[in-house]
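Note sheet for the following structure.
Source: prediction; values computed, not measured. In what follows, chains are A, B, ... by sequence order, proteins preceding strands, each numbered from 1.
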There are 2 protein chains.
Amino acid sequence: MYMQISHLSIEGTDVAEPDGRTQGDGGTARRPRGRLPAYERIKAAIRTRIREGEWGPGDPIPGESELARDFGVSRLTAHRALRELAREGVIERRRRRGSRVAVRTGRDIVLEIPRIERLVTGLGAAYELRLLWRRTTVPPSEIRERLELAPGQRALHLVLLHLADRRPFQLEDRWINLLAVPEAAQADFTTIAPGSWLLEHVPWSEAEHVIAAENADPATARALDIEPGEAVLVIERRTRNRNRVVTWARFRHPGSSYRLATAFAPRA
Amino acid sequence: MYMQISHLSIEGTDVAEPDGRTQGDGGTARRPRGRLPAYERIKAAIRTRIREGEWGPGDPIPGESELARDFGVSRLTAHRALRELAREGVIERRRRRGSRVAVRTGRDIVLEIPRIERLVTGLGAAYELRLLWRRTTVPPSEIRERLELAPGQRALHLVLLHLADRRPFQLEDRWINLLAVPEAAQADFTTIAPGSWLLEHVPWSEAEHVIAAENADPATARALDIEPGEAVLVIERRTRNRNRVVTWARFRHPGSSYRLATAFAPRA
DNA sequence: CATCGAAATATGTATATGCAAATCTCGCAT
DNA sequence: ATGCGAGATTTGCATATACATATTTCGATG
């Protein structure tokens with residue numbers, strides 16, 4: 001498979017959202033408004049050809065100068081399009097050799113897990129929340145370590161059940177470091193999930209995750225309305241802000257009813 | 001917390017690898033060789049300040065012009081540094097408002113799962129592979145759909161057991177589309193894992209994943225040397241190349257002994 | 001006092017230009 | 001034939017410049 005296609009469409013009709021974090025139309029130096037930036041149109045055109053199989057992995061694609069000519073832009077603009085595609089893992093570039101469609105080999109898998117609320121509401125299911133437990137106590141040593149707390153220091157412990165269409169969907173076991181988030185002591189978690197509350201009140205800079213499978217213990221089984229011993233998908237998350245652990249949470253999902261599915265997201 | 005630091009070090013000493021796909025030194029227009037590009041030095045300097053807590057989430061950071069002045073570069077170079085940091089999710093930018101350290105809110109979780117071999121050998125464990133089953137057959141309809149095969153079309157079916165330090169670690173159930181990879185019919189999978197073999201022989205452009213928990217059925221339990229009914233972490237992967245499904249595989253891990261752990265990796 | 005509008009500011013996009021580095025090709029000398 | 005060196009090509013980095021756009025600030029006006 002070695003084919004070189006010389007001409008891309010000058011007016012790319014297909015639309016791809018810019019994945020930059022910024023919003024709005026963006027600066028449009030001498031560009032009719034409402035249209036995508038030139039470099040985005042070039043990226044979209046290339047992506048389309050790859051997606052539709054016209055250019056397969058390893059195939060060469062037009063170089064910067066050629067793209068610049070075909071699209072009527074400067075070389076820097078074409079350069080930016082190719083550079084970003086390379087960073088997104090869509091293409092590979094070498095000097096003199098040119099650019100080619102990436103051969104995805106030996107990469108780590110990257111899983112993107114959508115947020116729970118979005119997952120539930122996105123499916124059109126009715127979302128419901130139940131606060132099962134709330135205490136401010138000295139955590140057991142295992143939890144204390146994860147929160148990186150001093151011995152004897154108290155923390156806020158919450159247990160909540162999330163329901164989708166009146167069926168248990170997720171059991172949340174959460175500890176909040178009150179030194180990092182004193183306001184949490186006053187917050188009302190009967191209507192707003194602690195995850196959402198924390199998102200709004202405490203910025204964070206880092207998080208760690210663990211995924212595992214375990215058999216439901218009797219308490220978990222009762223809460224999730226499944227049989228004891230049934231497989232449960234466990235996700236643990238620890239969130240930090242400025243070198244301090246803000247919160248640690250363990251989420252349990254009925255393994256039979258919950259699946260994390262995702263398409264490959266290149267490293268970028 | 002509202003503090004404005006005016007001066008960043010002109011000669012950033014800390015080193016960050018450019019995450020672009022390209023290697024080598026890169027073009028160095030009027031730049032002493034061996035040093036990072038100017039925009040990378042700026043990025044590194046900013047990241048360092050954030051990492052060390054000097055600038056916390058939500059804090060403003062110097063603007064393009066200020067950085068350009070402090071680092072003695074053009075505005076475009078400073079712009080590129082900030083743009084990339086924004087895309088990586090490290091900072092947030094708004095017109096007129098300026099740039100500030102990102103408040104990580106509402107983002108999807110991104111999990112990075114290292115490849116199995118690397119995981120096993122990285123732990124210093126002895127890796128072993130056993131081919132339990134190999135047949136070329138017409139797959140059951142459930143598998144046929146996943147492979148997007150025509151009815152009656154045959155596919156290569158493999159079952160393998162991966163061991164770490166002589167203990168079952170992963171049970172692999174794989175189907176390979178022989179239309180996409182005819183050479184697979186001749187390959188020897190007793191010594192090389194099909195995953196690795198495919199990586200070397202077939203480029204791929206896309207993959208989908210599913211993660212779930214399930215109870216071990218008797219056959220799985222026997223293979224993994226666990227009790228029937230014990231929780232098993234399941235990962236399914238479907239790989240495509242040019243709109244064709246190359247392979248579909250299901251991996252099962254003993255839930256008690258295997259955990260996927262990862263630090264947060266921003267989208268970028 | 002409230003509100004609308006102009007100025008100021010910071011980011012976003014784009015051009016034209018120059019040089020550096022990597023690497024493939026080809027011709028020439030041994 | 002083999003190997004070495006001189007282009008040629010393609011990507012990478014950076015500057016100077018210009019204009020567009022979003023948003024805040026501030027002042028004028030009713």
Side-chain angles (χ1 to χ4, degrees), chain A residues 2 4 6 17-43 46 60-87 91-100 102, chain B residues 2 4 6 17-43 46 60-87 91-100 102:
Chain A
Y2 199 99
Q4 181 65 272
S6 340
E17 72 283 15
D19 8 22
R21 287 286 171 277
T22 47
Q23 69 302 352
D25 192 45
T28 62
R30 68 211 82 185
R31 164 167 60 90
R33 63 172 296 140
R35 281 246 304 277
L36 287 171
Y39 72 91
E40 286 290 351
R41 292 205 312 280
I42 298 174
K43 287 174 65 177
I46 294 172
I61 67 174
E64 298 183 352
S65 320
E66 192 174 346
L67 287 174
R69 186 163 28 79
D70 290 357
F71 280 84
V73 299
S74 77
R75 209 198 103 204
L76 185 63
T77 302
H79 172 69
R80 178 168 175 186
L82 292 179
R83 186 182 62 203
E84 295 196 356
L85 286 175
R87 161 159 293 207
I91 65 173
E92 287 167 348
R93 318 189 69 197
R94 309 262 312 254
R95 278 182 192 160
R96 163 73 213 203
R97 196 178 190 187
S99 303
R100 45 191 61 204
Chain B
Y2 198 99
Q4 182 66 273
S6 337
E17 72 285 12
D19 8 23
R21 285 286 169 281
T22 47
Q23 70 300 357
D25 191 47
T28 61
R30 68 213 79 184
R31 163 166 61 92
R33 62 172 297 139
R35 280 247 304 277
L36 287 172
Y39 74 91
E40 286 290 351
R41 292 207 312 279
I42 299 174
K43 286 174 67 178
I46 294 172
I61 68 175
E64 298 182 353
S65 319
E66 193 173 346
L67 288 173
R69 185 164 27 80
D70 291 356
F71 281 83
V73 298
S74 77
R75 208 200 105 204
L76 188 62
T77 301
H79 172 69
R80 178 169 174 185
L82 292 179
R83 185 181 63 204
E84 295 196 355
L85 287 175
R87 162 161 293 211
I91 64 173
E92 287 168 347
R93 318 189 68 199
R94 308 242 340 233
R95 281 186 190 156
R96 163 72 218 206
R97 199 178 190 184
S99 303
R100 45 191 60 202

Please give, in whole Å, the distance from C:dA20 C1' to A:His79 NE2?
-> 13 Å
Residue-phosphate contact under 4.0 Å: A:Tyr39 side-chain N/O, C:dT13 OP1/OP2 | yes
Which part of the nucleic acid does A:Arg80 contact within heavy-atom distance under 4.0 Å: base, sugar-phosphate only, or nothing?
-> sugar-phosphate
Think B:Arg97 has a side-chain N or O under 4.0 angstrom from the OP1 or OP2 of C:dT11?
-> no
Over how many whole Å does the gap from B:Ile91 atom CD1 to C:dG12 atom P extend?
-> 9 Å
Got a second to check how far B:Glu84's CD is from B:Ile91's CD1, nearest 0.5 Å?
-> 10.5 Å
Would you indicate, yes or no, if D:dT11 has its OP1 or OP2 atom less than 4.0 angstrom from a side-chain nitrogen or oxygen of A:Ser99?
-> yes
Would you mind telling me which of D:dT21, D:dT15, D:dA8 lies closest to the side-chain atoms of B:Arg95?
-> D:dT21
Could you give the CZ-to-P distance, from B:Arg69 to C:dA10, as a whole number of Å?
-> 10 Å
Counting heavy atoms from C-beta on, name the nucleotide in C:dT23, C:dT13, D:dT25 closest to the side chain of B:Arg96.
-> D:dT25
Which listed nucleotide (C:dA14, D:dG12, D:dA16) is nearest to the side chain of A:Pro37?
-> C:dA14
Nearest-angstrom distance from the residue atom CG of B:Leu67 to P of D:dA14 | 14 Å
Report the distance from atom CD of B:Glu84 to atom C1' of C:dT11, rounded to the nearest whole Å.
-> 16 Å
Which residue lies toward the 5' end of DNA chain C, B:Leu76 or B:Glu64, if each is placed at its nearest nucleotide?
-> B:Glu64
Is A:Thr77 near enough to C:dT15 that one of its side-chain N or O atoms lies under 4.0 angstrom from OP1 or OP2?
-> yes
In whole angstroms, how far is the C1' atom of C:dT13 from the NZ atom of A:Lys43?
-> 14 Å
Could you state the atom-to-atom distance from CZ of B:Arg75 to C1' of D:dA20 in whole Å?
-> 11 Å
Measure from CD on B:Glu40 to C1' on D:dA14 and round the result to the nearest Å.
-> 14 Å
Donor-acceptor pair (no angle test) under 3.5 Å: A:Arg94 side chain, D:dG12 base | no
Between A:Arg93 and A:Glu64, is the closest basic N to carboxylate O distance under 4.0 Å?
-> yes
